[in-house]
2 protein chains.
Amino acid sequence: MDSSRRGHPNAKPVPKAVVGRVSLYLRQLESLQRQGLSKTSSDQLGEPFGIKNAQVRKDLACFGQFGRPGIGYDINDLIVVLRRILGVDKDWPLILVGLGNLGRALLRYRGFQSRRFHVVAIFDVDPKKVGQTYHGVTVEPLEALRKSVAAHKTSLALLCVPAESAQRVAEQMIAAGIRGILNFAPVPLATPPHVSVTAVDLSIQLENLAYKVQGSVDGVSWAG
Amino acid sequence: MDSSRRGHPNAKPVPKAVVGRVSLYLRQLESLQRQGLSKTSSDQLGEPFGIKNAQVRKDLACFGQFGRPGIGYDINDLIVVLRRILGVDKDWPLILVGLGNLGRALLRYRGFQSRRFHVVAIFDVDPKKVGQTYHGVTVEPLEALRKSVAAHKTSLALLCVPAESAQRVAEQMIAAGIRGILNFAPVPLATPPHVSVTAVDLSIQLENLAYKVQGSVDGVSWAG
DNA sequence: TAGATTGTTAATCGATTAACAATC
DNA sequence: TAGATTGTTAATCGATTAACAATC
């Protein structure tokens, strides 16, 4: 099934941007739940992110009807529903390839564990790292990728190798059965259509900030 | 000057998505330059990212006319122009607040240096970290933020503190004169309009991958 | 010249916002 | 009841793509 066509029965394709926002609504719902609240509104759900109430309702409508007119949404119920929609109502094993500075930082990153993402295997080309244990996981050589992915039924991977080897390692991941890659290497990956890639490119994000700040700080235009 | 209205003289506002793509074109240009090429086309510029030639030309048209019909673009010239547009033709001092795992990894991140972003000051609340030196920069207490930002004329900041203190620290940054924040804390920041924030939320990005993979791997729908 | 490729206009497409009857 | 808030339709807005005359 094509993920872009998922939704409630007979639904139109889900626009790309919707899923990202649904993640945000889930965050807000969990925050409201921690505050001890039980009901909320489309206004309150979008507010911290500057998203209008109509947008919130339209996004949720991609997946079904979850609110009651005049009342709003039940926080606990909607959390359960959205977790299932996003697929985070179950554990997701991850592999991490490339144990540099960033790889080690990701290994300790709290945000993953709290969302039921768990690094179950680590791979590196460096023979000095292979065999060592980090956070309870022993580093393996890249040759072990295929067997490990099959054994753990892993679908998702964190790619933290240098730019030069990223494409090659991605191909090995895909051959091993990986279907989604969070790519930290600053190069575009060529991948087949059944594999999803999200690029985390910090220098591009800083560049975008610099552009905005450049404009607002001193009024210098590119031609200036 | 409102950054959304920047561009060549008398130009329309630059659409948000354009700047991100221009960063990608610059990457590709630099890659082609390293390969020893001197000319390129709108087709070649967008190809690694799956961006169509018409889109590339339209994006560049926001800033001026840089190509020649029948010929294409001069790689060296266009690199100079795009760097100036993006503001990466000069050094950008950065401050880093919060020296946890992620903060330390960012400090060593190559991608920043290669784009002329330099961490010039580090701040942390932990008295044990204050006074220590990492990568040639001595950690200061948060109280020193204001003076440091003024001294270095810093506009950009990396926010790597825990979620609980992110908003408070962001406010201190803004009071000190910071205009752009790369936010690694998994909470939305409330900031005034003259301050730009880019959220780097890895668990949301993984969630989005999980959603896509969930659909393509086993056809399970949210209702299944 | 013929082929390639630009910049730009017009057409298409998709996403956001506003409005409102229906409901609690 | 009156006020609040939903789901949904229609209107608006913006972004992408196609097409093409102009140029080298």
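Chain letters run A, B, ... following the sequence lines, proteins first and then strands; every chain starts at 1. Side-chain atoms are counted along with the backbone in the values below, which use heavy atoms only and exclude waters and symmetry mates. Just so you know, these numbers come straight off a predicted model, no measurement behind them.
Taking atom CG of L45(A) as the reference point, atom P of dT6(D) lies 8 Å away to the nearest angstrom. Distance, Q55(A) CD to dT6(D) P: 14 Å, rounded to whole Å. What separates CG of D74(B) from C1' of dT5(C) is a distance of 15 Å, to the nearest Å. One can place CZ of F66(B) at 12 Å from C1' of dG7(C), the figure rounded to the nearest angstrom. One atom, NZ of K58(B), and another, P of dA19(D), lie 16 Å apart when rounded to the nearest Å. For the pair K39(B) NZ and dG3(C) P, the interatomic distance rounds to 19 Å; values are reported in whole Å. Protein atom CG of N53(A) is 14 Å distant from nucleotide atom P of dA4(D), rounded to whole Å. The NZ atom of K16(A) sits 9 Å away from the P atom of dG14(C) (whole-angstrom rounding).
Contact annotation: R57(B) does not reach the phosphate of dA18(D) (side-chain N/O to OP1 or OP2, under 4.0 Å). When the side-chain nitrogen and oxygen atoms of S42(B) are compared with OP1 and OP2 of dT6(C), one or more of them lie within a distance under 4.0 Å. When the side-chain nitrogen and oxygen atoms of Y73(A) are compared with OP1 and OP2 of dA4(D), none of them lie within a distance under 4.0 Å. Regarding contacts with the backbone of dG7(D), every side-chain N or O of Q65(A) stays at 4.0 angstrom or more from both OP1 and OP2.
A donor-acceptor pair under 3.5 Å is formed between the side chain of R146(B) and the backbone N or O of A175(B). Under a 3.5 Å cut-off, the side chain of D59(A) and the backbone N or O of F63(A) do not form any donor-acceptor pair. Side chain of Q28(B) to main chain of L24(B): no donor-acceptor pair is present (N/O by atom type, distance under 3.5 Å, no hydrogens or angles).
Under the 4.5 Å side-chain criterion, counting only non-hydrogen atoms from C-beta, L156(A) is in contact with L206(B). L106(B) is not listed as a side-chain neighbour of L182(B), based on a closest heavy-atom distance of 4.5 Å or more.
With salt bridges taken as basic N to acidic carboxylate O contacts below 4.0 Å, one links D201(B) and R27(A).
Here the CD1 atom belonging to I181(B) is positioned 8.5 Å from the CD1 atom belonging to I95(B), to the nearest 0.5 angstrom.
For R68(B), the listed nucleotide lying nearest its side chain is dC24(D); candidates were dC24(D), dC24(C), dT17(D). Nearest to the side chain of A17(B), among dT17(C), dT8(D), dT16(D), sits dT16(D). Side chain of P69(A), nearest nucleotide from dA15(C), dT23(C), dT9(C): dT23(C). Distance from the side chain of A54(B) is smallest for dT17(D) among the nucleotides dA22(C), dT17(D), dT6(C).
No side-chain donor-acceptor contact under 3.5 Å links S203(A) and R115(B).
Comparing D43(A) and K52(B) along DNA chain D, the residue whose closest nucleotide (by nearest heavy atom) sits nearer the 5' end is D43(A). Residues D59(A) and I71(B) each lie close to DNA chain C; by heavy-atom proximity, the contact nearer the 5' end of the strand is made by I71(B).
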Both distances under 3.5 Å, Watson-Crick or G-U wobble: on that basis, could you give the dot-bracket string for DNA chain D, with [ ] for crossing pairs and | for other-strand partners?
-> ..||||||||||||||||||||||
